[in-house]
Trainee: 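Here's a structure for you.
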Amino acid sequence: MDAMINSEASQETLYTEIKSFFDSAPPLRDAPDISRKLDEFLKWNSVSPGSERGSRIVCVTSGGTTVPLEQRCVRYIDNFSSGHRGAASTEYFLKAGYSVIFLYRRGTCQPYCRSLPDDPLLECFESASDSNIQVRQLHSEAVKRAISEHNVAVAKGLLLKLPFTTIFEYLQILQLIALSMRSLGAHAMFYLAAAVSDFYVPWESMAEHKIQSGSGPLDMRLVQVPKMLSVLRKEWVPMAFCISFKLETDSKILLEKADMALTKYRMHVVVANELSTRKEEVVVVTSSGKFSVRRDKTQAGADVESPLIELLVEKHSAYIEDSKS
Ligand code: 9Z3
C-alpha cells in the first residue's frame, strides 16, 4: 500500500515537473507550420494496406539537444551525437517500407548524405566553364545516389524532416509528433536515438543577455529535465512501439542501465551502445532477452544499422500481431 502511494506521488511529481517544463519553455515559433506539415504527412501516409505508401510510420530522433545558458543565446551546453545513427537508420526504415518523420538536430548528418565529404558543396563540385558547374568524377556516384534516393523519398511523401536545436524545441516537437501519431495505434514506432540533455536552465531563471566574464567563477543551477519517456509511453502514444537508446562510456554498467530503462520507462526495446564501439556493435535489450547485433565486417561499408533495423522491424511486426488479439 505504502509503495503504491509512493509511486503515485512520484508520478504526480513527474507530471508537475513536465507541466512546469512546457509552461516555462519559450513558445515554439513555427508550431502552426510543424502541425500543418505533420497533418499533411500523416493524412498522406494513412492509407489502405498494399499501397506503395507505408501504413507503418516511425519517428526517428537524431543528433544532440542543446541547453542554452542565455535567452539571447551566445553560450550553450551540447550533447554529443553526430546524427549518423539516426540518418543511417532512416534510410533502412525507408527501405523496409516505413514512412519516416526524421526529427533531427540542425547541422547533423542527413539521410543519404553519409558518404558525401564534410564540405560537399566545395568538395563535390567544380566549375566546368564560366557558367557551368559539374560534379567531380570522384564523388559523382555518391552525389547521384544522395540526390535520387533522397528526392524520391521526399517526392513520394515518405520522409518528413523536422529540425530542432534546443532541448525546448526538441521536446515540444516530439510531443506534437507523438500526439498526432496516437491514432496509428500499434503501427506507430518511436526510435529515439537523439542524445537528450539531462539538465537544463529553466527559461525564467536564465540570464537574458550574454553572461559577463570578469566577475569570478560562474555559478549556475541546472534543473533535471523531466523524463519524458514515461509520459510518451503512458500518455502521448500508449499503443506505439517504443525504442530508446542507452549510451554509456563504461561498458561494465551499460547493460544494467539498459535493463533499468526498459523497466522504468516501459520501453519495448532499449538499444544499448558504448560510445567507442557504437558503430560496430549494439545490444538489443527486451523483456524476452538480449540480442547482440554486429556490423558485417566482411562487407565493405556495411553498417550496424542494417541488421539492427531488420531485427526491430521483426519485433514491431510481432507487436502489431499481438496487439490484434
Ligand atoms: C544513442 O545512444 C545513439 O546511438 C548515439 C549515436 C548518440 C550514441 P551518432 O549520432 O551516435 O551516430 O554519433 N542515443 C541516445 C543517447 C541518450 O541520450 N540516451 C539517454 C541515456 O543514455 C536516454 S534517452 O540516458
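Ligands are counted one by one from 1 in listed order, and the atoms in each one are counted from 1 as well.
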Trainee: Just heavy atoms, cut-off under 4.0 Å: does Arg85 contact ligand 1 by side chain, backbone, both, or neither?
Mentor: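 Both backbone and side chain.
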Trainee: So if I count the atoms of ligand 1 from 1 in the order they appear, which ones are less than 4.0 Å from some heavy atom of Gly83?
Mentor: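 Checking each atom against Gly83, I get 9 (P), 10 (O).
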Trainee: Suppose we measure from atom 11 (O) of ligand 1 to each protein heavy atom; which comes out shortest, and what is that distance?
Mentor: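 Here the closest protein heavy atom is Arg278 NE, 3.1 Å.
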Trainee: Is the ring centre of Phe21 less than 6.0 Å from the ring centre of Tyr200?
Mentor: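 Phe21 vs Tyr200: aromatic centres under 6.0 Å.
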Trainee: Mind checking whether Ser244 has a heavy atom under 4.0 Å from ligand 1?
Mentor: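 Contact absent.
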Trainee: I'd like to check which ligand 1 atoms, numbered from 1 as shown, lie under 4.0 Å from a non-hydrogen atom of Phe80.
Mentor: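 Going through ligand 1 atom by atom, the ones under 4.0 Å from Phe80 are 13 (O).
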Trainee: I need the nearest protein heavy-atom contact for atom 19 (N) of ligand 1: residue, atom name and distance, please.
Mentor: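 Looking only at protein heavy atoms, the one closest to atom 19 (N) of ligand 1 is Phe245 O, 3.2 Å.
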Trainee: Return the residue, atom name and 0.1 Å-rounded distance of the protein heavy atom closest to atom 4 (O) of ligand 1.
Mentor: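 Protein heavy atom at minimum distance: Asn273 OD1, 2.6 Å.
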Trainee: Show the atoms of ligand 1 that are less than 4.0 angstrom away from any heavy atom in Ala193.
Mentor: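 Checking each atom against Ala193, I get 1 (C), 3 (C), 7 (C), 14 (N), 15 (C).
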Trainee: Would you say the rings of His187 and Phe241 are close, in the sense that their centroids are separated by under 6.0 Å?
Mentor: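 No, they do not, as the ring centres are separated by 6.0 Å or more.
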Trainee: Quick one: nearest non-hydrogen protein atom to atom 22 (O) of ligand 1, plus distance?
Mentor: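 Sorting protein heavy atoms by distance from atom 22 (O) of ligand 1 puts Leu247 N, 3.1 Å first.
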Trainee: Using a strict cut-off of 4.0 Å, indicate which atoms of ligand 1 neighbour a heavy atom of Val196.
Mentor: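 Every atom of ligand 1 under 4.0 Å from some heavy atom of Val196: 18 (O).
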Trainee: Relative to ligand 1, is Ser82 under 4.0 angstrom through side chain, backbone, both or neither, heavy atoms considered?
Mentor: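 Both of them.
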Trainee: Please list, in number order, the atoms of ligand 1 under 4.0 Å from a heavy atom of Lys246.
Mentor: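 Numbered from 1, ligand 1 contributes 21 (C), 22 (O), 25 (O).
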Trainee: For ligand 1, is there an atom lying under 4.0 Å from some heavy atom of Cys109?
Mentor: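 Judged by the 4.0 Å heavy-atom criterion, Cys109 does not count as contacting ligand 1.
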Trainee: Would Lys234 pass as a cation-pi partner of Tyr265, given that its NZ or CZ must be under 6.0 Å from the six-membered ring centre and within 45 degrees of the axis?
Mentor: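 Not satisfied by the 6.0 Å and 45° rule.
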Trainee: Report, as yes or no, whether the 6.0 Å neighbourhood of atom CD on Glu12 holds more than 12 heavy atoms from other residues, nucleotides or ligands.
Mentor: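 Incorrect, the count does not exceed 12.
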